[in-house]
Protein chains: 2
Amino acid sequence: MLRLTKRSEYGLMALAFMAQSGQAYTSVREIVAKLRIPRRLLAEVLKDLSRAEIVEAVRGPGGGYRLTSPADQLSLARVVEILEGSVSVAKCADGGRCDLSPSCTIQEGINLVAQRVKSVLDDFTLAQLADCNSHSQQDPQPAHEVAV
Amino acid sequence: MLRLTKRSEYGLMALAFMAQSGQAYTSVREIVAKLRIPRRLLAEVLKDLSRAEIVEAVRGPGGGYRLTSPADQLSLARVVEILEGSVSVAKCADGGRCDLSPSCTIQEGINLVAQRVKSVLDDFTLAQLADCNSHSQQDPQPAHEVAV
DNA sequence: TTGAAAGGGCACCAAAATCATGCTATATTC
DNA sequence: GAATATAGCATGATTTTGGTGCCCTTTCAA
Ligand code: SF4
Ligand code: SF4
């Protein structure tokens, strides 16, 4: 359904968290506690991200993960690509072969759509993602939240 | 993986075919023959499209399906929505509830992305899809098409 | 030296979404 | 009535995702 997988969501949540937290290193434990997501799966995801050098890992007490580059230089496309292989809207739009391509009448068009969708993800940075949220869902100082 | 399902692809292929063929009614048989896709699945898809009044069905000899409106007035989003429920990039971006939403730090951002992706599909019409293809894979009267 | 903290690796199970198909019924035209 | 074509229904196979357990290695600090 054109939907992102949990892996991607978890990964993005974690990355956004790191981007906002300000700490040097963030451990899986912390993230899991805050975000309420399956620990092992998150670990899995972070590991993949680490392999792709999106984040850096440091073991031992006080260790954890850290972004290797500024949040505004990491596109969602990159993350999704790493976490689920690619962002292609259709098999053929990704180098993948589709048995139907010879008879497929919409290949060209779909490819164009795929390209556009991709560019949406390409243009969206982690910084934006994290930012976007802090606007409406401030955690610190709930203060005197007046209902709208 | 942000990918369209076969149902959508089959549906779009069929619709594009109808849009181009020029005939009054197009039967499942014909489409299956040309497009090399599973007959029953296509029938299923067309039926759904028929229920949604994207196409009109006429039974009996010479019958088949026909678009109910001009191809340039039918967006991919509409078709995909009918064929796979919705186009949401994330559960929450669609009225669906996600158990994580309370702790989710990227909901806002993802929603924005979802919106953009949706608009890509919204802005892409069946006419464009069909057209896109005919440029490079002309079947009928190749005539003296002058490249733009 | 030793123990706790944290990530790394591996293999496997469970659930859900997708894909695909068979068969029969109903409508329509000739 | 015969042939054509869609409508309806249920079910099985496959693929993709989601989720988890167990144990090892590295690192820091008491
Ligand atoms: S667009 Fe056509 S060729 Fe490309 S994946 Fe879909 S069916 Fe296959
Ligand atoms: S963005 Fe957050 S709330 Fe929305 S579906 Fe994904 S995890 Fe759930």
Side-chain angles (χ1 to χ4, degrees), chain A residues 1-11 13-14 18 23-33 35-66 68 80 83-86 88 90-91 96 98-100, chain B residues 1-11 13-14 18 23-33 35-66 68 80 83-86 88 90-91 96 98-100:
Chain A
M1 275 165 163
L2 264 170
R3 186 162 297 177
L4 253 27
T5 63
K6 287 290 179 198
R7 284 175 68 83
S8 291
E9 290 200 334
Y10 292 160
M13 285 167 79
M18 288 188 238
Q23 332 176 19
Y25 288 97
T26 311
S27 71
V28 172
R29 177 185 286 292
E30 275 183 273
I31 305 181
V32 165
L35 269 35
R36 264 69 204 324
I37 58 186
R39 168 200 298 246
R40 283 291 286 92
L41 233 195
L42 178 62
E44 194 77 27
V45 167
L46 263 323
K47 198 181 48 186
D48 288 347
L49 254 19
S50 161
R51 266 201 274 264
E53 292 179 46
I54 293 300
V55 294
E56 245 180 333
V58 168
R59 300 186 182 188
Y65 292 97
R66 170 174 71 170
T68 53
V80 174
L83 261 22
E84 35 191 275
S86 73
S88 68
K91 262 190 203 160
C98 170
D99 341 332
L100 303 160
Chain B
M1 276 163 165
L2 266 171
R3 186 162 298 176
L4 253 27
T5 63
K6 287 289 181 200
R7 284 176 66 83
S8 291
E9 290 199 333
Y10 293 160
M13 285 167 80
M18 289 188 238
Q23 334 176 17
Y25 289 96
T26 313
S27 70
V28 172
R29 177 185 287 290
E30 275 183 273
I31 304 181
V32 166
L35 270 35
R36 263 72 205 319
I37 58 186
R39 168 202 295 249
R40 285 287 288 93
L41 233 196
L42 177 62
E44 194 77 26
V45 166
L46 263 322
K47 197 181 50 184
D48 288 347
L49 253 18
S50 162
R51 266 202 273 263
E53 292 178 48
I54 292 299
V55 295
E56 246 179 330
V58 167
R59 300 185 182 188
Y65 291 96
R66 170 176 72 171
T68 54
V80 174
L83 260 23
E84 36 190 274
S86 72
S88 67
K91 261 192 204 162
C98 170
D99 341 332
L100 302 160

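Note on naming: letters A, B, ... go to the chains in the order of the sequence lines (proteins, then strands), and numbering restarts at 1 for each one.
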Enumerate all atom pairs, one protein N or O and one N or O from nucleotides 11-17 of chain D, separated by less than 3.5 Å.
residue: D/dT17; atom: OP1; partner: B/Met1; partner atom: N; Å: 3.4

B/Ile31 vs B/Thr26 side-chain heavy atoms within contact, under 4.5 Å: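 Counting from C-beta outward, B/Ile31 and B/Thr26 do come under 4.5 Å.
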
Minimum side-chain heavy-atom gap A/Arg29-A/Val32 below 4.5 Å: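 Not touching, per the 4.5 Å side-chain cut-off.
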
Given atom [atom1] of [X] and atom [atom2] of [N], what is their separation to the nearest angstrom?
X	N	atom1	atom2	answer
B/Arg66	D/dA5	CZ	C1'	16 Å
A/Leu41	C/dC12	CG	P	18 Å
B/Asp48	D/dT6	CG	P	15 Å
A/Lys47	D/dT25	NZ	P	16 Å
B/Glu44	C/dC23	CD	P	16 Å
B/Leu42	C/dT21	CG	P	12 Å
B/Glu30	D/dA5	CD	P	8 Å
B/Arg36	C/dA20	CZ	C1'	17 Å

Enter the distance from [X]:[atom1] to [Y]:[atom2] here, rounded to the nearest 0.5 Å.
X	Y	atom1	atom2	result
B/Lys6	B/Leu4	NZ	CG	10.5 Å
B/Met1	A/Ser86	CE	OG	5.0 Å
B/Leu83	B/Glu44	CG	CD	10.0 Å
B/Gln23	B/Tyr65	CD	OH	15.0 Å
A/Arg7	A/Leu42	CZ	CG	10.5 Å

Closest non-hydrogen atom pair, B/Val55 against B/Leu46: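 Residues B/Val55 and B/Leu46, closest heavy atoms: CG2-O, 3.9 Å.
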
Sugar-phosphate, base or nothing in reach of A/Tyr10, heavy atoms under 4.0 Å: sugar-phosphate

Touch class at under 4.0 angstrom, heavy-atom based, for A/Arg51 against every strand present: sugar-phosphate

Derivation of the side-chain contact (heavy atoms from CB on, under 4.5 Å) call for B/Leu100 and A/Leu35: CA-CA 8 Å; B/Leu100 302 160; A/Leu35 269 35; over 6 Å; no

Check nucleotides 4-7 of chain C against the protein and report each pair of N or O atoms closer than 3.5 Å, with its distance, or say if there are none.
residue: C/dA6; atom: O4'; partner: A/Gly60; partner atom: O; Å: 3.3
residue: C/dG7; atom: OP1; partner: A/Val28; partner atom: N; Å: 3.2

